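The next block holds one structure in the form of structure tokens; read it before the comments.
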There are 2 protein chains.
Amino acid sequence: MAKPKLDRKTLLRNSLSVFKTMGYNGTSMNDLAKANGLLKGSMYHYIESKESLMLEVLTALKDHYVSRVFNKAFDETLQPYQRLKELALRAEEIFVFEEGGDFLVNIGLETKNSVPAFTQVIKSFFQEWINTMKYLYSFVLDEADAKEKAEFMVAEIEGSVLMMKLLDDVNYLHRTNERLLKEYKELERQKVYK
Amino acid sequence: MAKPKLDRKTLLRNSLSVFKTMGYNGTSMNDLAKANGLLKGSMYHYIESKESLMLEVLTALKDHYVSRVFNKAFDETLQPYQRLKELALRAEEIFVFEEGGDFLVNIGLETKNSVPAFTQVIKSFFQEWINTMKYLYSFVLDEADAKEKAEFMVAEIEGSVLMMKLLDDVNYLHRTNERLLKEYKELERQKVYK
DNA sequence: TTTTATGTACCAAACGATTGGTAGATTATT
DNA sequence: AATAATCTACCAATCGTTTGGTACATAAAA
């Protein structure tokens with residue numbers, strides 16, 4: 001058996017970086033092959049199709065967020081506020097430096113009417129995120145308010161990331177995070193005084 | 001035939017509706033021709049290239065928003081709060097029913113690294129929107145705060161539209177608008193008591 | 001230990017289909 | 001007859017995918 005040039009993780013990471021800058025339809029198999037140091041045809045030793053590759057990339061990314069980022073919200077060694085802070089910090093890293101956070105949104109919008117399989121994964125990512133935030137807000141708000149707050153918090157962060165990208169203003173997300181953290185602290189204070 | 005089948009406006013509207021559902025790279029000249037009741041070759045009687053067509057669509061859309069929607073903010077026959085309300089209402093119509101509002105975002109993200117000409121138009125749309133909002137907030141906030149508020153308001157609305165689309169939840173934007181309007185009223189009240 | 005067999009990894013080339021775009025003939029209107 | 005709009009036919013290039021064949025590392029057989 002010949003040694004493979006690539007392990008699965010490298011393949012996915014290389015492919016992600018291409019998809020990220022060119023989008024789904026904008027990326028050709030040739031582009032992907034080049035990024036992986038292969039010829040176009042050889043790619044099909046690793047994958048079944050372009051679509052299945054993208055689906056795997058999306059799924060891996062989603063799973064990564066859920067298990068490595070969102071899980072911070074349930075770390076009982078920390079106070080709720082500290083957990084939120086950790087999450088915000090990680091989000092900033094992801095969106096600003098790794099530039100990988102809005103990827104799911106971009107692809108979701110681009111392929112909404114053409115590849116339902118993508119939409120499903122992306123949708124579940126946001127549901128997970130919202131649920132995570134809802135849990136954290138449940139410490140300072142009642143059920144219904146926590147849900148609403150969580151939904152808008154995610155929308156707000158996504159909106160900030162979006163404007164950050166479109167207007168090339170890196171500070172957008174940071175300021176949003178600061179605002180959300182301050183607000184949370186205020187909610188905690190109100191809760192205590194009740 | 002001396003008479004063209006299409007006037008410019010119809011051409012742009014038909015093309016927009018295709019670009020909207022399939023994106024830029026996902027739309028072929030054949031798709032565009034079909035939507036306009038023409039064969040592919042005939043399209044080139046109207047346009048120079050696919051890219052120039054899209055650019056015209058984007059520009060027309062942007063100009064429409066600026067002259068027909070954003071200008072409400074400067075309608076001196078109305079109180080500032082009423083102007084904001086008008087804007088919010090129009091925004092809801094546009095984003096929910098015409099489904100045309102997030103188009104600029106979608107295309108902006110899809111082509112960010114490949115077609116700079118698009119990016120420029122889209123960027124200027126958001127700058128105009130932010131400036132419009134900044135003007136309205138300047139009635140109840142000082143210069144710096146108005147600017148910040150305007151930036152986040154636009155991000156918030158865009159985020160809501162985004163989540164609305166990705167999660168198929170039509171209420172998102174409406175609730176965001178209600179929240180923003182209530183907040184504005186509160187800011188007005190605070191201003192008066194100062 | 002050497003030989004043989006097997007399966008993996010990859011390349012080079014080509015597949016049919018589709019891409020954005022062009023040229024020239026045809027049609028309809030003035 | 002002149003003009004403008006449209007169709008038909010085609011181009012070169014690229015698309016995602018499949019092919020036939022080769023290099024090579026391992027496993028089994030001698």
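Everything quoted here is computed from the prediction, not taken from an experiment.
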Between [N] atom [atom2] and [X] atom [atom1], what is the distance in whole Å?
X	N	atom1	atom2	answer
B:E48	C:dG20	CD	P	16 Å
A:M43	D:dT19	CE	P	18 Å
A:H45	D:dG16	NE2	P	19 Å
A:E51	D:dG16	CD	P	12 Å
B:Y46	C:dG21	OH	C1'	18 Å
B:N30	C:dA17	CG	P	15 Å
B:L32	C:dG21	CG	C1'	13 Å
B:K34	C:dT18	NZ	P	10 Å

[X] side chain, from C-beta outward: closest of [options]:
X	options	answer
B:Y44	C:dT22, D:dC7, D:dA5	C:dT22
A:M29	D:dC7, D:dG16, D:dA5	D:dG16
A:S28	D:dT17, D:dC15, C:dC10	D:dC15
B:S49	C:dG21, D:dC7, D:dA5	C:dG21
B:S42	D:dC7, C:dC11, C:dG20	D:dC7
A:K40	D:dC7, C:dG20, D:dC15	D:dC15

Q.
One thing to verify: whether A:K185 and A:E188 come together as a salt bridge, which I'm taking to mean a side-chain N less than 4.0 angstrom from a carboxylate O.
A.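 The answer is no: the pair does not qualify as a salt bridge.
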
Q: May I ask you to decide whether B:K147 forms a salt bridge with B:E151, counting only side-chain N to carboxylate O separations under 4.0 Å?
A: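 So B:K147 pairs with B:E151 through a salt bridge.
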
Q.
Cation-pi check for B:Y24 against B:K50: NZ or CZ below 6.0 Å from the six-membered ring centre and within 45 degrees of the axis, yes or no?
A.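 Yes, a cation-pi geometry holds between B:K50 and B:Y24.
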
Q. For B:L39 and A:N25, take the nucleotide of DNA chain D holding the closest heavy atom to each; which residue's nucleotide lies nearer the 5' end?
A.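 Nearer the 5' end of the strand: B:L39.
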
Q.
Ring centres under 6.0 Å, that's the criterion: do A:F103 and A:F19 meet it?
A. no

(Q) Can you confirm if the aromatic rings of B:F70 and B:F125 lie within a centre distance of less than 6.0 Å? (A) yes

Q: Describe the nucleic acid contact of A:S52 in one word from base, sugar-phosphate, nothing, applying a heavy-atom distance below 4.0 Å.
A: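 The residue A:S52 makes no contact with any strand.
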
